[in-house]
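See below for the structure under consideration.
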Amino acid sequence: MDTYHFRKYIHRLPGKVIHVIPLPEPEVIEGHESRRHIGDICHKCNYKHVLLVTDKTLSSIGYEKAIIESLESAGVGYTLFDDINSEPNIALIETGRQKALENNAECIIALGGGSVMDTCKMIAAGVRCPHLPVKALLLKFLPVPGSTLPVIMVPSTAGTGAETTVGAVVSNNHGVKSSTVLIGLNVTHVVLDSELTIHAPQQVTAACGMDALSHCIEGAVGDVKYNEHDMQLSMEGIKLILQNLPVVMREPENVEARLGMCRAAMYGGNAINTQLAGYVHAFAHSIGAKYHLPHGQAISLMLMPVLEFQKSACVDKYAQMARYCGIADDDVANKQAADIFLRAVKNLMSQCAMDSIVSPVKADDYKELIGMIAADSINYSAPMTFSNKDILSLLQQITVNK
């Protein structure tokens, strides 16, 4: 069934809903090895004990040691929870919540990528609701009494923007992912430490960069009411990625370019909170879920097809992006400036080898995917509403063996 008319009728609703959800306003600390300041941050906040959460990969590298040393120097007690080796699920969150409660943790420190940060959001919420089973917290909108336990975010990748987003994606006991929006998420600090991203594999760096780029672009073109500050952050994120992603691909240890990518990812998180995503994500979520394609690769697969398909509705915004990024002069006509912007994105993908992702999409799955994509798109306020026929045409465009 084509729900086009219904989706078109309500397409501005998500953009209105997001503006009534309180957003975190964290203090941002940035710089090479800036995670060494976390002990001082906790001491100033009078925390006696904190829960430090990270994953097995980062723990094997030893990235948490600098934080532990800073906590010990500041006289702040800590419990380390480094058993995370999967995306957020009920068991992980329950284990983390029990560790926080048993040790009277007053703050959660999240060191890791999107999975770790989303896990910590749910732990911080779960501590405030100790008598509820974690599965009861997997609501579309989760109101937390007062606010969550304070969270200090230390992202180890430059892509998801999860350090500031109010959403968390969690798998239930059946392995089905659900997205929860936390009302009352209390992220007090975001620590952007460029050292953490230096040793990421090139493909991970590129995929994360594409994810951040999609957040900023989709936010900037969304059909939502926005303030100029949020729009500027989205534009600045795009500019930072166009400038810095090629540099970090060539020079992995360039800490300034790495920091630029960290900022861009955070601005992308702000775009998700205030301007939402769009059809790039609707397609990527559905294709990723169906074929287990990593999110950054699914984003890369769909970025250009969607941007080009919706060009007629986004010419002015694309032109604005081109001028903000300094790749089109002010006197260039909007249509030409929009084309310049799209070429710049396409060239960036080529430079990062993200333009050759092999599509897993099969023609036999079109009907199922169309339903999934249409359903996911209801969560966004995209610049135009795609009909089932539109969705099919884009799926056909990326299908290798039709």
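Looking at Ser70, its side chain never comes within 3.5 Å of a backbone N or O of His37 through a donor-acceptor pair. No side-chain donor-acceptor contact under 3.5 Å links Arg128 to the backbone of Val144. Under the 3.5 Å distance criterion, the side-chain polar atoms of Lys317 are matched with a main-chain donor or acceptor of Ala220. Not a single donor-acceptor pair under 3.5 Å links the side chain of Asn103 to the backbone N or O of Ala105. Not one N or O on the side chain of Asn85 forms a donor-acceptor pair closer than 3.5 Å with the backbone of Lys56. A donor-acceptor pair under 3.5 Å is absent between the side-chain atoms of Thr188 and the main chain of Ile152, judged by distance alone. The main-chain N or O of Asp376 is found under 3.5 Å from a side-chain atom of Asn379 such that the two form a donor-acceptor pair. Looking only at distances, a side-chain donor or acceptor of Asn347 sits under 3.5 Å from a matching main-chain atom of Arg343. Arg7 places no side-chain N or O within donor-acceptor distance of the main-chain N or O of Asp2, the cut-off being under 3.5 Å. Judged by distance alone, the side chain of Glu27 and the main-chain N or O of His189 form no donor-acceptor pair under 3.5 Å.
Atom CG in Leu276 sits 4.0 Å away from atom CD1 in Ile18 (nearest 0.5 Å). Atom CG of Leu13 is separated from atom OG of Ser381 by 7.5 Å, given to the nearest 0.5 angstrom. Rounding to the nearest 0.5 angstrom, the gap separating the CG atom in Leu369 from the NZ atom in Lys290 is 7.0 Å. Atom CG of Asp55 sits about 4.0 Å away from atom CG of Leu58, to the nearest 0.5 Å. Atom CG of Leu111 sits about 9.0 Å away from atom SG of Cys120, to the nearest 0.5 Å. From Leu52, atom CG reaches atom CG of Asp82 across 8.5 Å, with rounding to the nearest 0.5 Å.
Salt-bridge annotation for Lys346 and Asp355: absent, with no side-chain N of the basic residue lying under 4.0 Å from a carboxylate O of the acidic one. A salt bridge links Lys335 to Asp339: at least one charged side-chain nitrogen sits closer than 4.0 Å to a carboxylate oxygen. Ion pairing between a basic and an acidic side chain is recognised when a charged N comes within 4.0 Å of a carboxylate O; Lys225 and Asp230 show no such pairing. Checked for salt-bridge contact, Arg36 and Asp193 miss the test: no charged N lies under 4.0 Å from a carboxylate O. Contact check on Arg35 versus Glu195 returns a salt bridge, with a Lys/Arg side-chain nitrogen under 4.0 Å from an Asp/Glu carboxylate oxygen.
Sparse packing is recorded around CD of Glu253, with 12 or fewer heavy atoms of other residues, nucleotides or ligands lying under 6.0 Å away. For NE2 of His43, the number of neighbouring non-hydrogen atoms (other residues, nucleotides, ligands) closer than 6.0 Å is 12 at most. With a 6.0 Å radius and a threshold of 12 heavy atoms from other residues, nucleotides or ligands, Tyr291 has its OH atom above the threshold. Within 6.0 Å of the CD atom in Gln203, the count of heavy atoms belonging to other residues, nucleotides or ligands does not exceed 12. With a 6.0 Å radius and a threshold of 12 heavy atoms from other residues, nucleotides or ligands, Gln232 has its CD atom at or below the threshold.
Ring pair His199/Tyr63 is parallel by interplanar angle, where below 30° counts as parallel and above 60° as perpendicular. The aromatic rings of His285 and Tyr380 sit tilted relative to each other, their planes meeting at an angle between 30° and 60°.
Residues Ile38 and Val50 have side chains not in contact (no heavy-atom distance under 4.5 Å, counting atoms from C-beta outward).
A side-chain donor-acceptor contact under 3.5 Å links Thr399 and Tyr366. Residues Lys121 and Thr165 have side chains that bring a donor and an acceptor to within less than 3.5 angstrom of each other.
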Quiz item: Can you check salt bridge (Lys or Arg N to Asp or Glu O under 4.0 Å) on Lys239 and Glu236, steps first, answer last?
Solution: CA-CA 5 Å; Lys239 183 177 181 179; Glu236 184 66 18; 5.0 Å; no

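When all heavy atoms of Thr54 and Ser59 are compared, the pair lying nearest together is CG2-CB, 4.2 Å. Residues Gly268 and His215 share a closest heavy-atom pair of O-CB, 3.6 Å. Considering all non-hydrogen atoms of both residues, Asn334 and Asp316 come closest at ND2-OD1, 2.8 Å.
The aromatic ring centres of Phe386 and Phe309 sit less than 6.0 Å apart.
Judged by the 6.0 Å distance and 45° axis criteria, Lys311 is not positioned over the aromatic ring of Tyr318.
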